[in-house]
Amino acid sequence: MTEDEVYSRLTPLFREVFDDESLVPTAAMTAANVAAWDSLSNIRLIVAVEEAFDIMLSTSEVVELKNVGEFVEVIQCHLAA
């Protein structure tokens with residue numbers, strides 16, 4: 001799956017989890033850029049991504065993420081495996 005395809009599938013997930021229909025995830029986006037992004041919404045986002053992409057993320061993978069771009073890379077790695 002291409003990076004663009006991953007972002008296309010992430011956009012509705014971000015909008016639902018953060019309850020913001022105008023939200024468009026970008027590679028540089030972090031929790032600091034989204035007012036509603038707290039620890040609970042972070043868990044909801046991880047679960048939504050795991051379900052949508054049919055993958056299982058490890059705690060160490062999630063903890064090390066610095067931005068959405070890295071999240072996309074991890075998703076692509078799981079899909080390629």
Side-chain angles (χ1 to χ4, degrees):
M1 183 174 287
T2 69
E3 184 176 295
D4 287 341
E5 290 170 328
V6 174
Y7 277 103
S8 290
R9 290 182 64 187
L10 281 179
T11 300
L13 299 176
F14 271 72
R15 289 176 178 178
E16 181 179 335
V17 168
F18 300 115
D19 195 28
D20 182 348
E21 287 301 314
S22 67
L23 195 59
V24 178
T26 63
M29 182 182 281
T30 67
N33 305 121
V34 181
W37 197 332
D38 57 19
S39 58
L40 180 58
S41 61
N42 193 60
I43 293 168
R44 291 179 53 227
L45 179 62
I46 299 301
V47 171
V49 166
E50 288 178 329
E51 290 176 358
F53 290 93
D54 195 26
I55 60 175
M56 190 64 160
L57 302 169
S58 70
T59 303
S60 62
E61 286 174 317
V62 173
V63 169
E64 294 177 14
L65 296 174
K66 293 179 181 62
N67 55 44
V68 174
E70 289 184 8
F71 196 17
V72 169
E73 289 175 15
V74 169
I75 293 168
Q76 286 182 298
C77 286
H78 276 272
L79 293 174

Rounded to the nearest 0.5 Å, what separation is found between the [atom1] atom of [X] and the [atom2] atom of [Y]?
| X | Y | atom1 | atom2 | result |
| --- | --- | --- | --- | --- |
| Leu65 | Thr30 | CG | OG1 | 12.0 Å |
| Thr11 | Glu21 | OG1 | CD | 11.0 Å |
| Leu10 | Leu45 | CG | CG | 7.5 Å |
| Glu5 | Leu79 | CD | CG | 10.0 Å |

Ignoring hydrogens, what is the shortest heavy-atom contact between [X] and [Y]? Give both atom names and the distance.
| X | Y | answer |
| --- | --- | --- |
| Glu70 | Glu64 | OE1-O, 3.5 Å |
| Ala48 | Leu13 | O-CD1, 4.0 Å |
| Glu61 | Leu57 | OE1-CA, 3.4 Å |
| Ser8 | Pro12 | O-CD, 3.2 Å |
| Val24 | Arg15 | CG2-NH2, 3.5 Å |
| Val34 | Met29 | CG2-SD, 3.9 Å |

_Mutual orientation of the aromatic rings belonging to Trp37 and Phe18 [parallel < 30°, tilted 30-60°, perpendicular > 60°]_ = tilted
_Taking the side chain as everything from C-beta on, heavy atoms only, tell me whether Met56 gets closer than 4.5 Å to Glu50._
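In short, these two side chains touch, coming nearer than 4.5 Å.
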_With heavy-atom distances below 4.5 Å as the criterion, would you say the side chains of Thr26 and Asn33 are in contact?_
no
_Looking only at the side chains, is there a donor atom on one of Asn42 and Ser39 sitting less than 3.5 Å from an acceptor on the other?_
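There is no such pair between these side chains.
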_Residue that, paired with Arg44, satisfies side chain to side chain contact (heavy atoms under 4.5 Å, CB included) out of Val17, Val49, Asp38_ = Val17
*asked:* Applying side-chain contact (heavy atoms from CB on, under 4.5 Å) to Val6 and Phe71, what does each step give before you reach the verdict?
replied: CA-CA 10 Å; Val6 174; Phe71 196 17; over 6 Å; no
*Mind checking whether Phe14 and Val47 sit in one hydrophobic cluster, side chains of I, L, V, M, F, W, Y counted as touching below 4.5 Å?*
no
_Hydrophobic clusters here meaning ILVMFWY residues chained together by side-chain heavy-atom distances under 4.5 Å, can you tell me if Phe53 and Ile43 are in one?_
no
